[in-house]
Structures are given as structure tokens and as C-alpha cells.
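For reference, the structure discussed in these notes is given below.
One-based numbering along the sequence shown. Worth saying up front: this structure is predicted, and the values here are computed from it rather than measured.
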Amino acid sequence: MLKAIFFATFDVTEGPKVLHQVPTSSITASPSSPAIPLIHFPPISSLLIPHPTLCNSGLVTLTHSHHRILSYPQHIASPRYPRNAYTFNFCLVLAEEADFSSYVPVVRKLNALFRTLEEQGQFLSRDGAGKVYALCEILLEDLNNYSEAMIPIDAANTLNIKLFPTYPPPPPLHAHHVPLATVRLAGLVDENWDLTMLRLLPWIDGVNSVKQIALLADADFKLVRKAIRHLLYYGCVLLLDIFSFGAIYAPTAEVAAFVESQEMQAECARYVALGEGDGSSAEEGQGRALSGTQLAELYLSLRQGHSVKSWCMEHADAAGRIDVRRFVTFGVIKGFLYRVHKYALATSIHRSGSRRLTKANVHRSKPGEGQKKERMGGGVENVDLGKYLDGTHCFDEICTDLMISEKELTARLKAWGDVQIICR
């Protein structure tokens with residue numbers, strides 16, 4: 001949140017001077033005002049209204065009195081001004097610890113726009129009606145309340161400012177990741193959306209992987225990956241692993257929060273309940289719903305070396321009353337369940353063994369198919385399986401890249417020979 005906005009300039013008799021400040025007395029207090037200024041202007045005046053050679057060169061940011069000041073000093077050389085020059089600076093004041101990245105474009109645009117207006121008609125130097133003060137007042141109020149402002153300056157110019165939030169870079173996105181929407185994506189669509197984005201949205205269902213989405217949408221894999229990264233950056237989707245009944249899941253220490261939270265248990269019960277699409281009515285679904293204690297016991301029964309399939313057989317009655325995929329997904333989303341991945345590590349790789357390579361390599365593609373697989377993000381059908389046997393590629397990644405099942409991958413690993421399967 002902005003603490004203050006002020007407009008400073010160089011006075012030919014007084015030197016650097018604050019002409020307008022919002023709120024009043026936030027930068028320089030008047031004798032009749034009891035307010036204490038946020039900052040003390042004189043010690044930093046030479047930095048905000050610097051020597052002409054240091055103006056027009058970029059953002060100037062400094063901290064003073066536990067506040068951060070963003071500025072972009074401007075210097076205009078012209079014989080129509082006293083001393084043939086006019087120097088000014090619009091400055092924004094924030095708390096020292098506040099994230100200021102979204103305000104940098106604001107202060108840059110503010111000073112650049114009024115430099116143009118001053119060069120065209122001396123808008124700033126001839127401000128006799130106090131338009132600059134009114135503009136600062138409206139700008140401060142609108143940015144703090146609405147994160148945007150549209151302020152008419154004159155008949156031909158309008159100041160349009162919007163604060164755009166900044167987010168950390170999204171996590172790495174691979175072909176085997178499964179995006180799950182966290183918002184209703186269809187409600188965000190408008191006529192300006194990218195065509196690739198429009199084609200892939202119907203296939204983002206928490207089941208299809210990135211590569212499957214590219215194939216189903218008949219779109220270029222690189223474009224699909226870029227579009228999903230865009231959604232991931234803004235928090236519209238989150239990433240899951242490919243769900244299969246042969247996968248292994250285990251609880252983390254955070255499962256204690258689920259055991260103790262009745263609210264989270266009720267949320268889970270609603271999320272995993274079987275609906276009409278599962279062949280049961282709403283009344284039947286409510287009658288068959290599991291209690292929070294039962295759900296907690298089911299999560300605690302998941303463990304290393306125990307696949308979802310064997311878990312379902314062991315808890316057949318309870319598993320038949322819930323959507324197992326949603327049950328697992330809920331735990332992963334909340335962070336108290338993690339996927340135990342399988343990795344393949346070849347203890348001895350013999351490149352000269354052509355017979356072994358023939359058995360372990362993926363089937364050769366037909367002429368012309370290689371280019372299609374390359375376009376879809378693959379291009380790996382002729383790749384030696386050995387590149388994945390260094391213990392850093394999980395089974396999901398290998399199966400997705402080679403477009404084979406885990407059963408077929410296991411068979412090829414057996415054909416390879418000395419391969420150790422690591423679960424972690």
C-alpha cells in the first residue's frame with residue numbers, strides 16, 4: 001500500500017523543493033501542522049533531484065526512515081526555463097519491507113508521461129490551478145483502494161495506471177505432470193484468449209497429463225506446455241502426478257493436521273463422495289459417506305510398498321464408497337500425502353551389447369512418424385532406453401516420453417539386465 005505520493009522540483013532560488021504532497025505534511029510539515037513527516041526530505045533531496053547528468057537514466061530507489069522511495073528523476077533542457085532547464089520527480093513512498101516490484105512501472109510511466117506533457121505544453125511548470133496536487137490525491141486513493149486508476153488530465157490525455165501483482169516463477173513443468181484447475185477456467189475465457197489455450201482447456205481435468213492434453217487437443221506440445229505454465233504462474237492450476245492403481249502413496253507428518261481438523265475431514269468427505277455420475281443418487285451417496293475418523297484411518301493405512309490397488313483390496317468396503325482417485329488427490333493437494341516414485345538405475349550399461357539394446361530399445365517408428373512425435377513433444381521413440389537409467393527419471397516420466405505402460409517398461413527393464421528399481 002502506498003504511504004504517500006509527492007512531486008518535487010528544482011527551484012532556482014530555493015533548490016530542491018517539494019511542491020505537492022499527499023497526504024498533506026507527509027514529506028515536509030508546515031509550522032501549523034502537528035503531523036510528523038514520514039521522511040526527512042532535505043538530507044535526500046540531492047538524490048531525488050540529482051545533477052542533470054544523473055537524470056533520465058532510470059529508476060532511483062532508496063530507503064529512509066523505515067520507508068522506501070521510488071522515483072524516476074527527469075531533466076528537460078530548454079531555453080524557455082530559468083537556467084535553461086527544468087528538473088522534476090514524481091515519487092512514491094511505501095513501507096520499507098513492502099514488495100515494490102509492481103510499483104516500478106507506475107513511477108516510470110508517471111514521470112515519462114508528464115515529461116511528454118511538459119515538453120508539449122509546460123503542463124507542470126505552469127500548474128497554477130493545482131492540477132498536479134489533485135492528480136496525486138486521486139492516484140493515491142485509487143491505487144490503494146482499487147489497484148488501478150484512470151484519471152483525465154486534459155481533453156486529449158488520460159492517465160491509466162494498473163498494479164499488476166508479481167508471483168514467483170512457476171515450478172518446472174514436464175510432460176508427465178497432470179494439471180488440475182483451481183478455478184473455473186471457462187469463466188475466465190474471453191475473445192482475446194490464445195487459440196492454443198482455448199483448445200486445451202476442455203482437457204484440463206486432473207486426469208490427463210500435459211502430453212496427453214497436447215495429443216487430445218491436437219496442438220503443438222511446446223505451445224501447450226507454455227500455455228499451462230502461464231496458468232500455473234497465476235495459480236489457475238496446480239500439478240499432480242499421473243494417477244494409477246499401481247502407484248504407491250504414503251502419509252507425511254502433516255497428516256496430523258487432517259486427523260485433528262473436523263473441518264478438513266468434512267471437506268474431504270464432500271470431495272470424495274460418489275455422485276450421480278458414479279451410478280448412485282445423492283441420497284445414496286450421503287448414506288454411504290464415510291466419517292472423518294474413517295477417512296483419517298484410511299489415509300494412515302497407506303504406506304510404502306503398498307500400491308493403491310492392494311490398498312483397495314484390503315479396504316474393499318470403504319474404497320467402494322468413495323472416489324479413490326479424488327481421495328488420493330485430496331491428500332496430495334493438502335500436502336499430507338506424497339507419491340512414492342519409482343526410479344531405474346542401471347548398475348552396468350554395456351553399449352557394445354547390440355543384442356541387449358535390441359531388446360531394450362523402444363520399437364522403431366514408421367517413416368514419417370518421427371516428425372509427428374517430435375511435434376507432439378516426443379521424438380523419443382528411437383531413443384536408447386539407457387538415457388533414463390541414471391536414477392533421476394521416474395517411471396511416470398519414462399512411460400510418458402516413450403508412450404508405453406508401466407508393465408511394458410518393467411518388461412524392457414528386465415530385458416536390459418542389471419537394473420535396480422529404487423522407490424523414494
Side-chain angles (χ1 to χ4, degrees), residues 1-11 15-29 35-76 86-119 123-125 127 131-151 153 157-168:
M1 176 180 288
L2 282 174
K3 299 292 185 179
I5 298 178
F6 66 95
F7 172 69
T9 186
F10 183 84
D11 188 275
K17 180 180 180 180
V18 176
L19 289 184
H20 302 291
Q21 52 186 319
V22 180
T24 305
S25 300
S26 58
I27 308 301
T28 57
I36 300 176
L38 299 176
I39 61 176
H40 190 43
F41 181 72
I44 59 175
S45 60
S46 60
L47 300 176
L48 299 178
I49 304 295
H51 190 274
T53 57
L54 300 177
C55 294
N56 311 328
S57 59
L59 177 73
V60 174
T61 175
L62 57 99
T63 57
H64 180 69
S65 300
H66 304 293
H67 289 85
R68 186 179 300 275
I69 305 168
L70 303 181
S71 67
Y72 207 87
Q74 300 292 312
H75 178 81
I76 302 174
Y86 182 70
T87 305
F88 70 91
N89 198 353
F90 280 93
C91 305
L92 308 183
V93 181
L94 302 92
E96 183 178 0
E97 68 279 2
D99 179 17
F100 63 92
S101 55
S102 58
Y103 290 94
V104 172
V106 174
V107 70
R108 183 182 294 116
K109 181 175 182 178
L110 197 61
N111 283 283
L113 172 63
F114 283 99
R115 176 190 175 91
T116 301
L117 293 177
E118 175 64 24
E119 290 175 335
F123 180 85
L124 299 175
S125 58
D127 179 34
K131 291 183 179 180
V132 175
Y133 176 83
L135 181 141
C136 292
E137 191 174 33
I138 297 172
L139 185 63
L140 177 69
E141 182 178 352
D142 286 359
L143 288 182
N144 282 340
N145 293 330
Y146 312 110
S147 297
E148 61 182 353
M150 186 176 68
I151 307 172
I153 297 174
N157 297 281
T158 300
L159 175 64
N160 289 289
I161 296 288
K162 185 176 178 64
L163 294 177
F164 291 94
T166 55
Y167 303 100

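- Here the CG-CG distance, from Asn144 to Leu139, works out to 9.0 Å after rounding to the nearest 0.5 Å.
- Phe114 has its side chain out of reach of Val132: every pair of non-hydrogen atoms, C-beta onward, lies at least 4.5 Å apart.
- Across Thr63, Ile44, Leu62, a single residue satisfies side chain to side chain contact (heavy atoms under 4.5 Å, CB included) together with Ile39, and that is Ile44.
- Note that CE of Met1 is 11.0 Å distant from CG of Leu143, once rounded to the nearest 0.5 Å.
- Distance CD1/Ile161 to OG/Ser147: 12.5 Å, rounded to 0.5 Å.
- At least one side-chain heavy atom of Cys55 sits less than 4.5 Å from a side-chain heavy atom of Thr87.
- Residues Phe41 and Leu48 form a side-chain contact, since some pair of their non-hydrogen atoms from C-beta on lies under 4.5 Å apart.
- Across every non-hydrogen atom of Gly58 and Pro73, the tightest pair is O-CD, 4.2 Å.
- No side-chain heavy atom of Tyr103 sits under 4.5 Å from any side-chain heavy atom of Thr61.
- Of the inter-residue distances, the one linking His20 atom NE2 with Ile5 atom CD1 reads 13.0 Å to the nearest 0.5 angstrom.
- Within the 4.5 Å cutoff, side-chain heavy atoms of Leu2 are placed close to those of Leu94.
- No side-chain donor from either of His67 and Ser65 sits under 3.5 Å from a side-chain acceptor of the other.
- Taking each heavy atom of Tyr72 and Asn89 in turn, the nearest pair found is N-OD1, 3.0 Å.
- For the pair Asp127 and Phe7, the minimum side-chain heavy-atom distance is 4.5 Å or more.
- Checked by atom type and distance alone, the side chain of Lys109 never pairs as donor or acceptor with a backbone atom of Leu159 at under 3.5 Å.
- When side chains are defined from C-beta on, Cys136 counts as touching Phe90, because their heavy atoms get closer than 4.5 Å.
- Of all the heavy atoms in Tyr86 and Leu124, the pair that sits closest is OH-CB, 3.6 Å.
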Practice task
With side-chain contact (heavy atoms from CB on, under 4.5 Å) as the test, would you mind laying out the steps for Ile153 and Leu113 before giving the verdict?
Solution key: CA-CA 11 Å; Ile153 297 174; Leu113 172 63; 3.8 Å; yes
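- For Arg115, the side-chain hydrogen bond (donor to acceptor under 3.5 Å, both in side chains) criterion is met by Asn56, Gln74, Glu119, not counting sequence neighbours.
- Across all non-hydrogen atoms, the minimal contact from Leu163 to Ser102 is CD2-O, 3.6 Å.
- Here the closest non-hydrogen pair linking Lys162 and Glu148 is NZ-OE1, 3.5 Å.
- Of the inter-residue distances, the one linking Thr116 atom OG1 with Asn157 atom CG reads 9.0 Å to the nearest 0.5 angstrom.
- The distance from the CG atom of Leu70 to the CZ atom of Arg108 is 10.5 Å, given to the nearest 0.5 Å.
- Looking at Ser71, its side chain never comes within 3.5 Å of a backbone N or O of Cys91 through a donor-acceptor pair.
- Nearest approach of Pro23 to Ser26, heavy atoms of both residues: O-OG, 2.6 Å.
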Handout entry: Stepwise side-chain contact (heavy atoms from CB on, under 4.5 Å) test for Phe123 and Lys131
Key = CA-CA 9 Å; Phe123 180 85; Lys131 291 183 179 180; 4.1 Å; yes
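- Side-chain contact between Leu19 and Tyr133 is absent, with no heavy atoms from C-beta onward closer than 4.5 Å.
- Not counting sequence neighbours, the partners of Lys17 by the salt bridge (charged side-chain N to carboxylate O under 4.0 Å, His left out) test are Glu14.
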